[in-house]
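Each chain gets a letter, A, B and so on, in the order its sequence line appears, and its residues count up from 1.
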Amino acid sequence: MASSERVNFKNPVIKWVDERLPLFSLMHKEYAAFPTPKNFNYLWNFGALAMFMLVAMIATGVFLAMYYTPSTDHAFNSVERIMRDVNWGWMIRYIHMNGASMFFIAVYVHIFRGIYYGSYKKPRELLWILGVIILLLMMATAFMGYVLPWGQMSFWGATVITNLFSAIPLVGDKIVTWLWGGFSVDNPTLNRFYALHYLLPFVIFAVVFLHVAALHISGSNNPTGIDPKSAKDTVPFHPYYTAKDCFGLTVFLIFYALVVFYAPNALGDPDNYIPANPMVTPAHIVPEWYFLPFYAILRSFVWDIHIPFTHVVLISSKLGGVILMFGAVAMLLILPWLDKSPVRSAMFRPLYKKLFWVFVVACLVLGYIGGKPPEQPYVFIGQIATFVYFAFS
Amino acid sequence: MADQPSRPADDHDDERRDFLTLTAGAMAGVGACCVAWPLVQSMNPAADVLALASTEVDLSQVKEGQSITVVWRGKPVFIRRRTQAEIDEARAVPESDLKDPQSDQDRVKQSNFSGQDMPQWLVMIGVCTHLGCVPLGQKPTDPHGNYDGWFCPCHGSQYDSSGRIRQGPAPKNLEIPPYQFTDANHVKIG
């Protein structure tokens with residue numbers, strides 16, 4: 001990679017290491033000299049913010065894992081012990097718990113930025129797909145992490161989400177039993193979720209590495225969507241964007257700290273401080289805010305699709321909702337090919353610009369609907385917003 | 001190999017190479033599947049989980065119009081002693097109105113010990129067939145939906161007094177577990 005472009009380091013130790021393993025040359029090439037368009041706006045901070053959050057989550061998670069006990073008898077109490085008895089445990093847990101929300105905020109802004117400025121278009125399709133894979137892995141990791149404290153929402157969230165797989169025709173029930181390791185969400189389920197919750201962040205880390213590697217092949221997009229023509233249009237990443245990212249990070253961290261220290265439970269559900277009870281479903285099962293739009297899509301499909309004039313059900317309402325929900329993410333995967341316009345940035349696409357904001361509003365409405373009980377008029381509004389979501393795509 | 005005379009590469013040699021590559025690849029694939037199988041299988045229910053005992057329930061304390069919830073295989077089982085009005089209501093529904101057509105008669109059992117019909121006893125797994133929540137309706141103060149049965153708070157499915165799906169996203173009626181009446185006052189589930 002960088003072997004032909006060695007930097008001549010002055011420090012003899014760095015020089016000695018670099019000649020044998022060109023780590024420092026690589027860092028210099030990818031993070032210092034890396035040419036970046038000079039017209040980034042602040043929306044370009046959020047990739048770095050997301051990467052920071054990944055590292056923060058892994059760091060706090062490792063320390064939480066030292067005290068957490070993955071067993072249905074002890075999980076809830078071990079988390080309470082972290083909160084009450086472990087030195088600084090309350091802070092580490094609140095940082096981790098709210099860190100998930102911060103991670104999703106950063107990633108969602110990052111994704112909407114990519115959609116607005118056409119960052120998914122040629123030659124960045126693979127870069128975009130790797131990003132969607134990261135989103136999927138994040139969703140899986142966040143979901144399993146939420147199950148670990150073994151509160152009421154943990155248990156019932158796990159029950160509802162694993163039951164999604166029972167919608168698969170023929171083998172659905174077998175798959176669900178396999179996922180559970182039993183006949184309901186129970187100790188084996190909790191144990192495997194813990195194992196995977198620890199594993200997946202490192203998988204995410206690997207995919208993020210590929211995501212960044214792909215970015216450094218094509219180079220960054222920019223607000224105009226027009227590639228830099230010459231070296232005059234770019235600046236080296238360091239110190240220009242390291243400084244800008246540090247500023248953005250500081251603002252982000254102030255917001256994050258305000259949440260952690262002044263409203264640590266504002267984004268969570270109070271029901272999760274009730275120990276899991278398999279016999280009682282909470283009145284409203286609500287996922288964490290970052291899943292609400294998808295949850296609303298799941299619930300918006302309430303009709304069976306029949307073969308015309310018969311009672312043979314082709315797609316049950318349950319399967320339909322599940323297909324639609326996964327379809328919402330799959331839509332993102334194929335976005336580079338759905339959008340055929342040669343123009344990247346919405347700056348130069350007036351109609352697309354309007355539709356983009358309609359799409360953003362649809363997502364917000366879905367998020368609001370997902371948090372409401374399944375009653376009218378919420379169901380109907382949710383159906384409209386779901387329609388808009390897919391129509392946009 | 002160095003000590004073998006080199007032969008000119010001809011079509012026959014290429015075919016031989018392809019054959020070797022394909023068979024070696026296929027064997028490696030079979031081997032990988034053989035290794036994956038125990039790993040995948042290890043996630044299925046373990047022997048002690050499978051060896052769950054059946055549950056025996058005393059029904060003598062349950063009065064007409066009352067419901068009890070018992071645990072079987074980690075799941076709630078609803079046992080309801082229905083009133084005559086509930087039975088009549090369930091039996092009056094034409095099957096064409098049902099999403100998962102099943103008569104009320106098919107959802108209750110004869111007593112094993114007396115051979116009598118016992119339409120008052122409804123025994124069902126109390127797990128919504130949509131996404132596995134426990135429907136409300138066991139207590140008189142719970143919401144019962146529009147069909148005098150059960151209401152799932154998660155996604156709004158409504159079940160009638162026979163536990164059949166009438167409205168909402170659930171695809172099927174509440175499941176009936178294997179059970180039998182062992183005498184006038186006892187039922188064995190499982």
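Interface residue Trp156(A): only side-chain heavy atoms are found under 4.5 Å from chain B. In this structure, the portions of Val40(B) lying under 4.5 Å from any heavy atom of chain A include both its backbone and its side chain.
A search for salt bridge (Lys or Arg N to Asp or Glu O under 4.0 Å) contacts involving Arg17(B) returns nothing, not counting sequence neighbours. Residues passing the salt bridge (Lys or Arg N to Asp or Glu O under 4.0 Å) test with Glu89(B): none are found, sequence neighbours excluded. Partners of Glu80(A) by salt bridge (Lys or Arg N to Asp or Glu O under 4.0 Å), not counting sequence neighbours, listed by chain and number: Arg84(A).
No side-chain N or O of Asn185(B) forms a donor-acceptor pair with one of Ser60(B) less than 3.5 Å apart. One side chain, Gln84(B) or Asp88(B), offers a donor N or O that lies under 3.5 Å from an acceptor on the other.
Between Ile79(B) and Met124(B) the shortest side-chain heavy-atom distance does not fall below 4.5 Å.
Residues of residues 135-152 of chain A lying under 4.5 angstrom from chain B, judged on non-hydrogen atoms, do not exist here.
For the pair Asp100(B) (side chain) and Asn173(B) (backbone), a donor-acceptor distance under 3.5 Å is present.
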